[in-house]
K.L.:
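There's a structure below that I have some questions on.
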Amino acid sequence: MSDKSSICAVFAMALTMAVASCNNNYFDQERYEELVTATFPVANIDSLHDWNLLTSVTISADFSASPKGTYVVDVYDSNPVSGNAVKFTSSVVNSNGIIKFNAPKDKSLKSVYIVAADGDQCIIDGKYDIVNDGLFLYTMDDATMPAPKVTSYQPNEFTYCFEETFPEGGDFDFNDCVMGVSIDKSPKEVNGVADYAYVTVRLRAVGGYKNMAASMRLDGITPDMLAPTFTITQKGWEYFKYAVDYIPDPDGAVIKEKYGDARIDLFNDAHFALNGGRTDESGTIVPRACINTKGYTENPEWETSEPKSSTYRIEFLNNDAFEDFDFTDLDLFIITAYNSTYYEIHTPRFFGRRVIKDYPTNINYLPWALVIPDKFRYPYEGMPVGQYSSGLNYYEGAYQRAQYSFGAWARNRNNTTSWGWFHYPLDSSVYPLN
């Protein structure tokens with residue numbers, strides 16, 4: 001039996017014992033919380049933790065001295081002429097405007113490179129320091145210069161990583177489903193057609209054994225703000241026709257979730273999506289191996305695969321919604337079966353949201369998912385992301401570098417030096433970057 005299966009079996013037995021003497025529908029919430037908290041690898045966690053690693057950088061632009069009108073503002077991590085720059089966002093400013101994008105909360109992003117252009121001419125082309133999560137752009141006159149020739153760039157990618165075991169505890173290696181997600185915005189002023197957001201989901205690892213589906217809800221964005229259909233410009237996986245039926249193939253249609261927001265389904269079987277669509281000889285059963293979570297693969301329960309990517313081109317009809325759209329609006333979640341029902345496992349910002357069906361939520365101060373503002377090196381199978389017991393005065397786990405550790409952050413959400421814990425992996429405990 002795998003480490004993950006062993007943990008789940010032990011937890012299920014303990015939970016059964018906790019409620020065995022209870023009458024009918026009685027549920028001992030206090031005992032449940034004790035049991036599940038005991039499985040979390042960090043003792044004495046901050047009970048008010050929000051598990052947020054993201055901040056918003058605000059750019060205030062004043063181009064009133066440049067009377068040409070509308071300018072497209074692209075924000076990069078470095079000079080985009082190199083062809084290797086990471087692009088944070090693209091926005092449109094008409095004389096004056098506010099531009100926002102997400103960055104790591106630990107302030108590791110200290111400057112950005114900004115190009116503001118109108119066709120082949122630009123009014124801004126240079127590096128700007130970020131101070132207190134913001135910066136100010138302005139022009140002194142209507143002088144212009146040739147716009148730089150940008151041949152290529154990489155959209156900024158964050159990592160969404162999940163534990164499959166909710167509402168039970170787990171090993172908290174956060175590798176049961178790992179997705180790299182980027183948002184690349186293309187304003188109508190650039191492409192000449194419409195305001196497009198390209199959301200690319202790169203499925204990197206499946207370290208769990210359950211069937212896992214995935215979907216994304218656009219928080220506060222209703223279907224009438226979007227075109228009724230989306231286009232998958234890059235398609236890395238297909239729907240598995242024998243998988244669970246609560247996520248049918250949307251066939252390119254934007255779905256209205258139960259409380260009104262727009263929803264786009266991603267895949268209905270994570271193993272099928274990552275293993276290239278492989279099944280058994282009958283064509284009806286998908287092998288439930290851990291994929292890309294072990295350093296060696298002699299065991300048939302472990303496999304390796306190249307990450308699979310799909311890109312969803314979403315057309316915005318509402319310009320304000322398009323300009324504001326960023327990672328804080330992206331409620332990407334997985335769905336698993338448990339106790340004859342289905343549970344949605346959301347990131348902490350949206351924990352307990354019921355997008356597809358109602359389900360009970362029993363605890364709200366532990367994370368079963370994290371959003372990491374980086375191409376995160378997730379832990380190997382069975383290695384907790386961080387560990388700390390009350391009887392020790394040092395940290396363990398995949399991210400254990402003293403004050404920069406996951407454990408230090410979990411124990412104190414206001415410990416600013418630990419906000420960047422994801423930059424400091426123990427190389428022997430994390431999977432190579434894929």
Side-chain angles (χ1 to χ4, degrees), residues 7-8 10-12 14-15 17-19 22 26-56 104-107 159-174 176 219 328 331 333-334 338 343-354 359-373 376 378-379 383-422 424:
I7 290 172
C8 290
V10 170
F11 184 90
L15 186 56
M17 293 173 63
V19 300
C22 302
Y26 178 76
F27 178 74
D28 190 338
Q29 177 71 24
E30 183 176 352
R31 182 59 179 148
Y32 164 73
E33 292 186 4
E34 289 177 358
L35 288 169
V36 74
T37 301
T39 69
F40 197 71
V42 178
N44 303 329
I45 66 167
D46 184 342
S47 62
L48 298 179
H49 218 305
D50 61 7
W51 308 102
N52 175 44
L53 293 167
L54 278 62
T55 191
S56 182
K105 187 179 178 181
D106 70 333
K107 308 296 190 295
T159 305
Y160 287 66
C161 43
F162 297 84
E163 284 284 299
E164 67 170 349
T165 54
F166 179 77
E168 295 180 348
D171 53 10
F172 293 98
D173 50 20
F174 289 98
D176 293 350
D219 184 45
T328 61
D331 179 15
F333 60 98
I334 65 171
Y338 178 79
Y343 279 72
E344 298 172 9
I345 303 176
H346 292 256
T347 57
R349 172 176 167 81
F350 302 111
F351 186 88
R353 180 83 181 197
R354 297 164 175 83
Y359 64 95
T361 53
N362 301 316
I363 193 169
N364 61 7
Y365 57 81
L366 292 178
W368 274 263
L370 293 171
V371 182
I372 313 294
F376 178 58
Y378 53 85
M383 172 61 67
V385 65
Q387 200 165 1
Y388 176 87
S389 62
S390 55
L392 302 174
N393 59 2
Y394 59 89
Y395 297 101
E396 298 177 298
Y399 287 82
Q400 57 173 260
R401 187 171 171 179
Q403 71 268 29
Y404 297 105
S405 70
F406 174 86
W409 179 61
R411 296 177 65 222
N412 182 0
R413 69 190 186 284
N414 296 318
N415 183 344
T416 58
T417 59
S418 66
W419 286 351
W421 60 267
F422 52 90
Y424 305 101

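Below, each value reflects all heavy atoms present in this structure, side chains not excepted, and no hydrogens, waters or symmetry copies. Throughout, residue positions are numbered sequentially from 1 according to the sequence presented.
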K.L.:
The criterion is salt bridge (charged side-chain N to carboxylate O under 4.0 Å, His left out); which residues satisfy it with Asp331, sequence neighbours excluded?
P.N.:
Arg217
K.L.:
State, to 0.1 Å, how close Ser405 and Ala402 come at their nearest heavy-atom pair, and which atoms those are.
P.N.:
OG-O, 2.9 Å
K.L.:
State which residues pass side-chain hydrogen bond (donor to acceptor under 3.5 Å, both in side chains) with Asn415; sequence neighbours excluded, sorted by chain then number.
P.N.:
Thr417
K.L.:
Run the side-chain hydrogen bond (donor to acceptor under 3.5 Å, both in side chains) test against Arg353 and tell me which residues pass, sequence neighbours left out.
P.N.:
Glu257
K.L.:
Of all residues at least two apart in sequence or in a different chain, which pass the side-chain hydrogen bond (donor to acceptor under 3.5 Å, both in side chains) check with Glu344?
P.N.:
His346
K.L.:
Stepwise, does the side chain to side chain contact (heavy atoms under 4.5 Å, CB included) test hold for Val385 with Phe376?
P.N.:
CA-CA 11 Å; Val385 65; Phe376 178 58; 4.3 Å; yes
K.L.:
Pro373: which residues meet the side-chain contact (heavy atoms from CB on, under 4.5 Å) condition with it, sequence neighbours left out?
P.N.:
Leu53, Leu54, Pro104, Phe158, Phe422
K.L.:
Which residues pass the ring-ring contact (aromatic ring centres under 6.0 Å, His included) test with Phe162, not counting sequence neighbours?
P.N.:
none
K.L.:
Quick one: side-chain hydrogen bond (donor to acceptor under 3.5 Å, both in side chains) partners of Thr361, sequence neighbours excluded?
P.N.:
Arg354
K.L.:
Using 0.5 Å steps for rounding, measure from the OH atom of Tyr160 to the CG atom of Leu370.
P.N.:
11.5 Å
K.L.:
Just checking Phe406 against Phe172, ring centres under 6.0 Å apart?
P.N.:
no
K.L.:
Any side-chain heavy atom of Tyr359 sitting closer than 4.5 Å to one from Pro167?
P.N.:
no
K.L.:
To check you understand the geometry: which heavy-atom pair defines the closest contact between Thr39 and Val36, and what is its length?
P.N.:
OG1-O, 2.6 Å
K.L.:
Report the C-alpha distance between Arg349 and Asp219 in whole Å, list the side-chain angles of each, state the deciding distance to 0.1 Å, and finish with yes or no for side chain to side chain contact (heavy atoms under 4.5 Å, CB included).
P.N.:
CA-CA 11 Å; Arg349 172 176 167 81; Asp219 184 45; 3.8 Å; yes
K.L.:
Please identify which of these residues, Tyr404, Trp419, Trp409, meets the ring pair (Phe, Tyr, Trp, His ring centres under 6.0 Å) condition with Tyr424.
P.N.:
Tyr404
K.L.:
Look up atom CD1 in Ile334 and atom CD in Glu164, then write down how far apart they are to the nearest 0.5 Å.
P.N.:
7.5 Å
K.L.:
How long is the straight-line distance from CD1 of Ile363 back to CZ of Phe40, given to the nearest 0.5 Å?
P.N.:
10.0 Å
K.L.:
Drop me the distance from Glu163's CD to Asp171's CG, to the nearest 0.5 angstrom.
P.N.:
5.0 Å
K.L.:
Would you compute the distance between atom CD of Glu168 and atom OH of Tyr32 and round it to the nearest 0.5 angstrom?
P.N.:
8.5 Å
K.L.:
Looking at every heavy atom in both Ala408 and Ser418, which two are closest together, and how far apart are they?
P.N.:
C-OG, 3.9 Å
K.L.:
Is there a side-chain contact between Phe333 and Ile345 (heavy atoms, below 4.5 Å)?
P.N.:
no
K.L.:
Using side chain to side chain contact (heavy atoms under 4.5 Å, CB included), reason through Asp173 and Tyr378 one step at a time and then give a plain yes or no.
P.N.:
CA-CA 7 Å; Asp173 50 20; Tyr378 53 85; over 6 Å; no
K.L.:
Would the number of heavy atoms belonging to other residues, nucleotides or ligands and lying under 6.0 Å from CD of Gln29 be above 12?
P.N.:
yes
K.L.:
Excluding sequence neighbours, so at least two apart, what forms salt bridge (charged side-chain N to carboxylate O under 4.0 Å, His left out) with Glu33?
P.N.:
none
K.L.:
Name the atoms and distances for all side-chain donor-acceptor pairs under 3.5 Å in residues 389-398, with sequence neighbours left out.
P.N.:
| unit_1 | atom_1 | unit_2 | atom_2 | d |
| --- | --- | --- | --- | --- |
| Tyr395 | OH | Arg411 | NH1 | 2.9 |

K.L.:
Does anything in residues 41-56 form a side chain to side chain donor-acceptor pair (under 3.5 Å)? List the pairs, not counting sequence neighbours.
P.N.:
Asp46-Arg413, Thr55-Asp133
K.L.:
Can you confirm whether or not the ring centre of Phe166 sits under 6.0 Å from the ring centre of Phe351?
P.N.:
yes
K.L.:
List the residues meeting ring-ring contact (aromatic ring centres under 6.0 Å, His included) with Tyr365, not counting sequence neighbours, and say none if there are none.
P.N.:
none
K.L.:
Starting at CD1 of Ile45, measure out to CG of Leu366 and round the result to the nearest 0.5 Å.
P.N.:
4.5 Å
